[in-house]
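Quick notes on the structure that follows.
Keep in mind that the numbers below use all heavy atoms, side chains included, and drop hydrogens, waters and symmetry copies. Residue numbering restarts at 1 for every chain, and letters A, B, ... go by the order of the sequence lines.
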Amino acid sequence: MASERPLVQHADLLAGLPGLEDLHLISQTPGVTPVTGVRLVDLTTEAVDEQQLLVCIAADVASWRLDALIRRSALAGAAGIVLPESTPGPTLASLHIASQLRLPLLAAPPHRILDVVSTLQRLIATPEIERADRVLRCAYRWRDGTSGPENVLADVKRELGTSPVLGDQAQINEFAPDVRTDLEVEQTITRPDGTVIVSHPVPGPSRQWLLIRLDNPPDVLVDQSTTLARLAVLHLRAWFLARRWELEQDHHQQSRLLADLIAEHGAATAEIRRRAAEMGWRLDGWHIGLYFVPPVEPGEAMRDRLAAGLRGVDIPSAVVQRGYAWAGWLTSDDAPVPEFLHRLLTRLRRCRYAMGEDTPLRIGVGRAREGPTGLVASLDEAREVALGVDSRTGGVAATDAVGIHRLVGELLGSSTARDFAQSALAPLAHDTTLLDTLATYLDSGNSVTTTAARLGVHRNTVNARLNRITQTLSIDLADPDVRLAFQLACRALDVPS
Amino acid sequence: MDVIPPSALPPGATAVPFGFVGATSLLSERPPSGAELLDVWMGVETTPEALIPMEIGGFNGVAAVWAAAALDVPLVDADLMGRALPELQQLLPVAHGWTPCPATVVDVHGRQLRLDHMTPSMLEAIVRAVLTPMGGWAVFVCQPLTAEMIINACHPGSVSRAVALGRDVHRLQDGAALDEVTELEGTVLGEGRIVEITRGAPRAGRRMPVTTVVVDLSAPPGGTLRLEAESEWLAVIVDGEPVATVPELLLVWDVDSREVLAVETVRHGRNVRVTALPGAAGWWQPGALRYVEPAAFALDVPARRTAVPVEHPEA
């Protein structure tokens, strides 16, 4: 609903409006200042303010004092002067000065001047009243906090007569490239063609923007749009927070959204973006993928422990179930510096230890990558390096420059590795004690002492078990090739198919 | 007839202020008999040792010369107004506590009125009241002034100044341009075409009708000049800002004829140049301004001094 009532602009446009039929323009002067107030004055008044329409109820309009008042008013940025009609009227001096200084002079019959003032005051207040009406209507509609973004946008459209846009940085930049989405501040941009863009950031992790486009609007409409946008942003923020809280409780929703994003290889559709925004996920910016592989089938309790552990080391990452593991990620505006990655790894290690010795968590960290496609790629890398970590001890591994962990992960995930592991280790398949001892020995750098310490048994026991293993498998553990092959086989057995 | 500086008056000698009061425009219809100049001294113990023009501006400046010549006494180079002013309390020595009483008015028939023991304003009121029965104008003389009073409380040098300005008037009549007579022209306040002349009823408590003249200034940056007047130009206001007022001498020049226009002779459409000449410096002294500022003419404009005052060597 655009404005139905006339909005007060310049004083010369007031004459003849409904209720102001008695008011007429006596100087052929277009106004330059909008009227925002009315004040009763006499010709000698010194108190003249910007944008005020001065009204003289009784005055000797032929006096030089009118010239002086016109001059003072124009210098002070007043909007115009209303005079009582009289004979003689203002001198040509007054009319000339008024037109030179572009200050409209109006006149009304003396007995009607107070009516004119009261009508003017009502007209001037109209934009304020209209704005208050609009804000109150919206505040009333949104009062219970259940209106979602679609409803809020529809309400704003109904009030302003233009469709607002809600979106993340990428969407807003596409719609209005001149909005500085890197600055999280309200912006009102007037384009050369007269279009005005009112854009307000919605505070919160998903970095949404509300954008209203107005074509050649009067100033008051821009003012009203700004006020309404502030209210809408406040409401949207609360709504997103509540929605996010709900969704965080619904892990299934999170898993589905992440699965959908991965299925699209990060090519986020508008629908996915909307869901991500509701979830409080930010898709633009730089992401570092995290992958957490638990030793046993993941459950709610362990997820909560992991989430608490991450919070404990100040890592603001989501924890989203992904098969038998969890995915998470960190998002920043700019590409993270190496020190940041180093600190991240340190914190993740602290988190792993905090989880306890009984939970040998394997944690993978992907490279920093940009945008939704980067997020999917980084998660993929994180998953691969996580699977490359020793499942018995757990640990933190990051996709490094050389790609060793990636290579190991790929090797272990290959069918050759699985087939070899199953056949080569088949004789020990039912003896987990020997299998553990073999893997621990190989992962401990072939040290019997270390193996004994890690398994909590005597060195002789380890030696005895190694003898039984070499005999059962008919292998020579002194051969480096054999050791490498069986170390891979041990790891591969833990790889879920 | 000699014109002498005030300092040339013999010690103890005095000069009698002389002038006509009333509508001097009536002099052509009702010419003086010539006896007034003799009649006016009846009742005064001595004939004057010297005359001083009461008012240097207008007809009175010339009238004093005529009277001094007729009486064969010297004329003191000074006057009591430094310009033309319409009322009898608007005399410079009045601001110094001097009173014109006793004063005498004589008409064409020799009817004489001697006024004493009254304030200058009352003198003005009574003289004004008798002017109509006396025929519209009368000869006026009043309390003589010593040389010291003339030097300290009047406007010395005004006769020579009038003569100097008169020479410039001759130069103008001989074809000189306005810009060539800068001393006569004074400070230029604006030039343009008269677009409006409004003549209205006298302001409250005043006798003379008011005139407002609006000049559309042609020279950049343009603007509008307003003249407020009674029988003299009283104030010049440019774009709502007073720039010059009485007691400065305000002049409206007809640019084409190079003549000074009086309030009653301005006409719509004339191209005019409005200028200001310095009035008597004495009027700007504390206590004096109230007799001659615009408010004294019931005009609500603050006094403005534009022209640079000319320090007379005798002052």
Side-chain angles (χ1 to χ4, degrees), chain A residues 11 26-30 32-33 41-49 52 54 56 58-107, chain B residues 189-190 192-204 206 209-230 233-246 250 266 268-270 272 274 293-295 297-304:
Chain A
I26 53 176
S27 63
Q28 297 309 311
T29 315
V32 286
T33 311
V41 296
D42 60 32
L43 292 182
T44 60
T45 188
E46 294 287 340
V48 182
D49 285 338
Q52 280 201 323
L54 307 176
C56 303
D60 172 13
V61 298
S63 156
W64 75 277
R65 287 283 182 190
L66 178 58
D67 300 6
L69 179 63
I70 292 168
R71 181 192 175 87
R72 277 199 304 280
S73 305
L75 290 178
I81 301 178
V82 178
L83 300 166
E85 273 172 17
S86 67
T87 311
T91 60
L92 278 179
S94 300
L95 300 178
H96 278 214
I97 295 171
S99 82
Q100 249 170 10
L101 301 180
R102 305 193 65 191
L103 188 83
L105 295 185
L106 299 113
Chain B
L189 304 175
R193 202 168 63 88
I194 294 178
V195 291
E196 187 178 52
I197 300 171
T198 318
R199 300 191 197 269
R203 275 182 280 271
R206 303 289 303 165
V210 298
T211 302
T212 300
V213 175
V214 177
V215 179
D216 186 13
L217 298 180
S218 50
T224 306
L225 183 145
R226 173 198 279 254
L227 285 151
E228 299 284 352
E230 280 189 349
W233 303 111
L234 300 178
V236 179
I237 298 149
V238 177
D239 288 339
E241 184 76 23
V243 294
T245 65
V246 277
L250 306 176
V266 288
H268 198 280
R270 287 283 184 87
V272 294
V274 180
E293 64 187 344
F297 300 85
L299 177 62
D300 171 28
V301 178
R304 286 278 185 278

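Considering CG of B:Asp300 and CH2 of A:Trp64, their distance stands at 6.0 Å, rounded to 0.5 Å. Distance check: B:Leu225 CG to B:Asp216 CG gives 10.0 Å after rounding to the nearest 0.5 Å. Distance check, rounded to the nearest 0.5 Å: SG of A:Cys56 to CG of A:Leu43 gives 4.5 Å.
Contacts of B:Val301 with chain A are made by both backbone and side-chain atoms, with heavy-atom separations under 4.5 Å. Proximity to chain B (any heavy atom under 4.5 Å) is restricted, for A:Arg65, to the side chain, taken from C-beta onward.
Among the residues in residues 193-203 of chain B, those with a non-hydrogen atom closer than 4.5 angstrom to a non-hydrogen atom of chain A are B:Val195, B:Glu196. Contacts from residues 78-99 of chain A to chain B, taken as heavy-atom pairs separated by less than 4.5 Å, involve A:Thr91, A:Leu92, A:Ala93, A:Ser94, A:His96, A:Ile97 in sequence order.
Closest approach of A:Val48 to A:Ser73, counting heavy atoms only: CG1-CA, 3.7 Å. Annotation for B:Glu228 and B:Thr212: closest pair OE1-OG1, 3.1 Å, computed over non-hydrogen atoms.
Residues meeting the salt bridge (charged side-chain N to carboxylate O under 4.0 Å, His left out) test with B:Arg304, sequence neighbours left out: none.
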Side chains of residues 233-242 of chain B: which donor-acceptor partners sit under 3.5 Å, not counting sequence neighbours?
| unit_1 | atom_1 | unit_2 | atom_2 | d |
| --- | --- | --- | --- | --- |
| B:Trp233 | NE1 | B:Leu261 | O | 3.3 |
| B:Asp239 | OD1 | B:Thr224 | N | 2.8 |
| B:Glu241 | OE1 | A:Arg71 | NE | 3.4 |

Report task. Kindly determine whether B:Thr245 and B:Glu293 satisfy side-chain contact (heavy atoms from CB on, under 4.5 Å), including the steps that lead there. Result -> CA-CA 7 Å; B:Thr245 65; B:Glu293 64 187 344; over 6 Å; no
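Put simply, the side chain of A:Leu69 does not reach to within 4.5 Å of the side chain of A:Asp67, judged on heavy atoms. B:Val274 is listed as a side-chain neighbour of B:Leu227, based on a closest heavy-atom distance under 4.5 Å.
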